[in-house]
Amino acid sequence: MKISGFSKFALSLILMSSGLAAVYATEPLLTRQEDFSNLINIKNTPAGPVDWDAFVFADKGAWMAYSLPDKENVKYAGAFMGPMVMTGRGWIANALAEPQLKVNGTRYNMVRNVQTTQYLPGKLKQEYNDENLNFTTEFCYVTPRSAAIRSIVKNVGDKPVEIDFDWIGGVHDKKSVSTPVDKGISFLRPTDSVSTAVRFITADKVEANGNDSLRVVEKKGLTLKPGETYESAITETLMLKGENLGQELASLKGFDIDKCFADNEKEWNARIAKLLTGNSKYLSDNKYRKVLVKAMMTLNSNYRTPAGDILTGGSNPSYNGFINGIWSWDSWKIASGNVFFNEDIAKNDIITLFDYQADNGMVPDFIGYNKKRNNWRDTKPPVSAWGAMNVYKKTGDKKFLEEVFPKIYKFHKWWYAERDHDHNGICEYGSTDGTLLAACWESGMDNGVRFDDAVMLKNGENAWSMNQENICLNSFLHMEKSLLAEMADILGKPALAKELRKDMEKIKKFVQTKMWDEETGFFYDTRIGTGEPVKVMGAECWLPLWAGIATEEQARKVKDKMMDPSKFNSTLPLGTLEVSHPRLRPTRGYWRGPVWVDQVYFGIKGLRNYGYDKEADFLTEKFIDNAQGLTTDGPIHENYNPLTGETLNSPNFGWSSACIIKMLHLSLI
């Protein structure tokens with residue numbers, strides 16, 4: 001039946017009035033690598049050899065990263081900026097290989113031509129056009145130490161053209177030592193013995209131009225008929241101190257660049273499909289699908305393979321300022337997000353800190369590329385069982401569980417041996433050196449207002465506690481007992497499971513009766529000895545909902561505070577301190593009010609545990625909509641201003657990304 005113009009208009013009114021318009025006009029779901037272009041803006045030229053503010057891309061656990069050139073940058077148009085070396089030693093180069101094209105003797109000015117630059121999941125791409133020529137160049141990783149650049153020149157005109165195709169490039173350090181390699185040049189930086197090699201596989205001539213630069217003739221006087229193309233292939237390799245450059249270059253023999261890019265597309269399409277599969281309602285909306293893929297891209301760029309004293313691969317919190325090591329609870333939270341698209345790196349994120357577990361069970365706060373910098377003054381909150389169970393529930397890998405269970409259980413027992421001052425089964429944050437500073441670090445909430453008046457108590461040799469029993473710590477320990485008991489059941493340890501569940505009840509009773517304040521309707525830390533509540537309303541106080549400790553009535557009252565605009569339901573909800581508190585410092589407070597995404601997740605999951613799904617949905621969607629840059633091309637940050645939603649500290653932050661993935665997937669734990 002033919003529908004008239006008037007009838008179509010009438011039909012549209014009916015659809016809108018009936019609420020069916022959205023269904024009638026639903027856009028196709030984004031599903032593939034090419035669908036997710038420029039979710040994060042990494043178009044920036046580094047300001048010099050040291051520029052930690054630049055946004056970059058890495059893959060396969062590489063210790064080198066790259067960015068796209070600024071559109072207005074004439075010099076570097078068509079090049080890929082980098083590499084940046086991820087050991088705290090800065091940029092090796094602005095660009096190792098910069099393309100230089102002439103068409104019929106005239107310079108091809110890329111920046112003046114129509115251009116497209118794209119950061120896609122797992123790939124960088126640039127394209128330039130005029131009436132005669134199309135120049136497309138793409139970048140992806142081949143191995144954790146090598147990347148590939150494929151450049152295609154195509155005659156799009158109606159007459160033959162003559163092409164001169166050259167490359168120039170080099171490194172920042174003028175003291176570098178250059179050495180010829182097969183079809184290329186390597187540069188050894190003397191300050192840290194990093195070797196960077198660039199190979200021009202299809203070029204006619206490669207030569208060094210001093211110790212820090214090169215010049216390459218790709219093709220000279222090449223005639224392309226209308227429709228004809230020429231394809232060039234480059235590899236770039238970065239090896240850290242002590243790594244074998246020759247062995248890596250040998251592994252690239254017979255390298256097929258077209259297969260490399262085909263494999264890249266296949267691999268990333270599979271990751272995207274895995275990430276975006278599930279029952280969550282948020283997966284049916286492209287707005288949230290883009291946020292999920294952005295989070296995946298962030299996590300992926302922060303992952304590092306083993307190098308130096310990092311014995312198992314692991315994730316930096318962020319490549320902006322946190323690139324020289326791995327923090328414990330960061331790593332365990334990050335694992336819970338990585339497992340949605342890459343099971344192997346998620347398992348590594350759980351294991352890597354346990355490589356350095358002490359004989360007494362303690363896990364260091366931080367491990368570094370240089371183990372001399374490992375931090376043993378404190379540890380971090382016990383969320384390793386939670387991270388590991390997130391991994392197990394997605395993978396079903398019992399062998400992994402068998403490997404990590406004894407390590408996690410040993411760490412769990414350490415808390416009661418070293419951080420229970422009065423031996424009542426309720427623990428405190430502390431330090432090995434007796435300082436309150438390190439004890440605050442151990443909480444993960446470094447300068448929280450609730451610690452302002454705390455003092456330190458000695459438990460024993462190299463073991464100190466704050467004089468307050470912590471609501472978040474004991475919620476974490478309650479959850480850990482629950483998950484360790486579940487693991488014990490899986491691994492055939494019923495007696496241990498029973499013992500752990502019995503101990504859970506002790507924590508539950510204490511939290512419900514001793515750490516609850518009926519007057520204010522909230523949970524708090526309590527002073528050792530007096531039991532006096534430390535009445536600071538912060539994000540830690542809803543952890544009993546996440547851990548399943550609160551009574552139904554307690555949960556209702558906590559929910560009311562979370563939904564109160566004068567407490568936590570601010571422009572960006574669920575900050576770390578109630579917004580009416582006199583010590584709120586939203587722009588410079590770190591843990592004195594800013595919104596931290598892990599605490600947002602714990603709060604929202606806590607609400608769902610008690611059936612408050614409507615409120616949880618409201619807060620989830622408010623957070624996604626109001627966190628600056630999240631639904632545009634901004635990076636995911638460490639924390640945000642609760643009053644405005646503006647970004648605050650470290651961009652491209654790992655655990656924020658992981659918790660956003662869990663939040664939008666409506667995760668079970």
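Just so you know, these numbers come straight off a predicted model, no measurement behind them. Numbering of residues begins at 1 and proceeds along the displayed sequence.
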Would you say [X] and [Y] make side-chain contact, with heavy atoms under 4.5 Å?
{"X": "Val177", "Y": "Phe187", "result": "no"}
{"X": "Ile185", "Y": "Val206", "result": "yes"}
{"X": "Thr632", "Y": "Leu39", "result": "no"}
{"X": "Met84", "Y": "Met64", "result": "no"}
{"X": "Arg304", "Y": "Met86", "result": "yes"}
{"X": "Met110", "Y": "Pro99", "result": "yes"}
{"X": "Phe135", "Y": "Ile163", "result": "no"}
{"X": "Tyr119", "Y": "Ser37", "result": "no"}

Do [Y] and [X] meet the salt-bridge criterion of a basic N to acidic O distance under 4.0 Å?
{"X": "Asp598", "Y": "Lys333", "answer": "yes"}
{"X": "Asp309", "Y": "Arg373", "answer": "no"}
{"X": "Asp263", "Y": "Lys259", "answer": "yes"}
{"X": "Glu131", "Y": "Lys159", "answer": "no"}
{"X": "Asp70", "Y": "Lys43", "answer": "no"}
{"X": "Glu243", "Y": "Arg145", "answer": "yes"}
{"X": "Lys75", "Y": "Glu98", "answer": "yes"}
{"X": "Asp164", "Y": "Lys219", "answer": "no"}
{"X": "Glu267", "Y": "Lys60", "answer": "yes"}
{"X": "Arg32", "Y": "Glu265", "answer": "yes"}
{"X": "Asp182", "Y": "Lys253", "answer": "yes"}

Do [X] and [Y] make the cut of ring centroids closer than 6.0 angstrom?
{"X": "Phe322", "Y": "Trp327", "answer": "yes"}
{"X": "Phe57", "Y": "Tyr141", "answer": "yes"}
{"X": "Tyr640", "Y": "Trp596", "answer": "no"}

For atom [atom1] of [X], is the number of surrounding heavy atoms from other residues, nucleotides or ligands below 6.0 Å larger than 12?
{"X": "Lys183", "atom1": "NZ", "answer": "yes"}
{"X": "Lys274", "atom1": "NZ", "answer": "yes"}
{"X": "Gln247", "atom1": "CD", "answer": "no"}
{"X": "Lys287", "atom1": "NZ", "answer": "yes"}

Ignoring hydrogens and angles, state whether a donor on the side chain of [X] or [Y] is under 3.5 Å from an acceptor on the partner side chain.
{"X": "Asp59", "Y": "Asn300", "result": "yes"}
{"X": "Gln126", "Y": "Thr136", "result": "no"}
{"X": "Tyr282", "Y": "Glu621", "result": "yes"}
{"X": "Ser67", "Y": "Asn44", "result": "yes"}
{"X": "Ser318", "Y": "Glu638", "result": "no"}
{"X": "Arg199", "Y": "Thr235", "result": "yes"}
{"X": "Asn649", "Y": "His637", "result": "no"}

### Message
side chain to side chain contact (heavy atoms under 4.5 Å, CB included), that's the test. Do Glu162 and Leu222 meet it? Break it down for me.
### Response
CA-CA 5 Å; Glu162 185 176 274; Leu222 173 67; over 6 Å; no

### Query
Which pair of non-hydrogen atoms, one from Ala93 and one from Gly170, has the smallest distance, and what is that distance?
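Nearest pair, atom of Ala93 first, then Gly170: CB-O, 3.0 Å.
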
### Message
Between Ile367 and Thr352, is the side chain to side chain contact (heavy atoms under 4.5 Å, CB included) condition met? List the steps.
### Response
CA-CA 9 Å; Ile367 60 172; Thr352 188; 3.7 Å; yes

### Task
Apply the test salt bridge (charged side-chain N to carboxylate O under 4.0 Å, His left out) to residues Asp625 and Lys622: give CA-CA distance (whole Å), side-chain angles for both, the deciding distance (0.1 Å), then the verdict.
CA-CA 5 Å; Asp625 287 341; Lys622 188 176 184 180; over 6 Å; no

### Query
What's the spacing between Ile660 CD1 and Ile624 CD1 if we round to 0.5 Å?
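With rounding to 0.5 Å, CD1 (Ile660) is 5.0 Å from CD1 (Ile624).
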
### Query
Hey, what do you get for SG (Cys140) to CD1 (Ile257), rounding to the nearest 0.5 Å?
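Answer rounded to 0.5 Å: 7.5 Å.
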
Is it true that a side-chain atom of [X] and a backbone atom of [Y] form a donor plus acceptor pair closer than 3.5 Å?
{"X": "Trp167", "Y": "Arg215", "answer": "no"}
{"X": "Thr202", "Y": "Ala233", "answer": "yes"}
{"X": "Thr312", "Y": "Ile351", "answer": "no"}
{"X": "Asp330", "Y": "Gly654", "answer": "no"}
{"X": "Thr571", "Y": "Leu643", "answer": "yes"}

#### Entry: Verdict with supporting geometry, Asn113 and Asn129, side chain to side chain donor-acceptor pair (under 3.5 Å)
CA-CA 6 Å; Asn113 295 324; Asn129 294 279; over 6 Å; no

### Message
Run Trp63 and Tyr369 through ring pair (Phe, Tyr, Trp, His ring centres under 6.0 Å) and show every step you take.
### Response
CA-CA 11 Å; Trp63 286 75; Tyr369 178 79; 5.5 Å; yes

### Task
Apply side chain to side chain contact (heavy atoms under 4.5 Å, CB included) to the pair Ser667 and Phe340, showing each step before the final yes or no.
CA-CA 11 Å; Ser667 291; Phe340 281 87; 3.5 Å; yes

### Task
For Ser146 and Glu236, run side chain to side chain donor-acceptor pair (under 3.5 Å): C-alpha distance rounded to whole Å, both residues' side-chain angles, the deciding distance at 0.1 Å, then the answer.
CA-CA 6 Å; Ser146 296; Glu236 296 189 1; over 6 Å; no

### Task
Take Gln628 and Asn641 through the test side chain to side chain donor-acceptor pair (under 3.5 Å) and record every step on the way to the result.
CA-CA 9 Å; Gln628 184 182 25; Asn641 188 328; over 6 Å; no

### Message
So, applying side chain to side chain donor-acceptor pair (under 3.5 Å) with Tyr303, which one of Asn338, Asn342, Asp349, Asn348 is it?
### Response
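Single pass found, and it is Asn348.
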
### Query
Does Arg150 make a cation-pi contact with Phe261 (under 6.0 Å, within 45 degrees of the axis)?
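Yes - Arg150 lies over the ring of Phe261, closer than 6.0 Å to its centre and within 45° of its axis.
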
#### Entry: Stepwise side chain to side chain donor-acceptor pair (under 3.5 Å) test for Asn38 and Asp633
CA-CA 7 Å; Asn38 294 329; Asp633 66 354; over 6 Å; no

### Query
With sequence neighbours left out, what residues match Phe80 under ring pair (Phe, Tyr, Trp, His ring centres under 6.0 Å)?
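Only Phe139 meet the ring pair (Phe, Tyr, Trp, His ring centres under 6.0 Å) criterion with Phe80.
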
### Query
Would Lys154 and Glu228 count as a salt bridge (charged side-chain N to carboxylate O under 4.0 Å, His left out) if you check the C-alpha gap in whole Å, the side-chain angles of each, and the deciding distance to 0.1 Å?
CA-CA 6 Å; Lys154 182 177 182 179; Glu228 283 190 333; over 6 Å; no

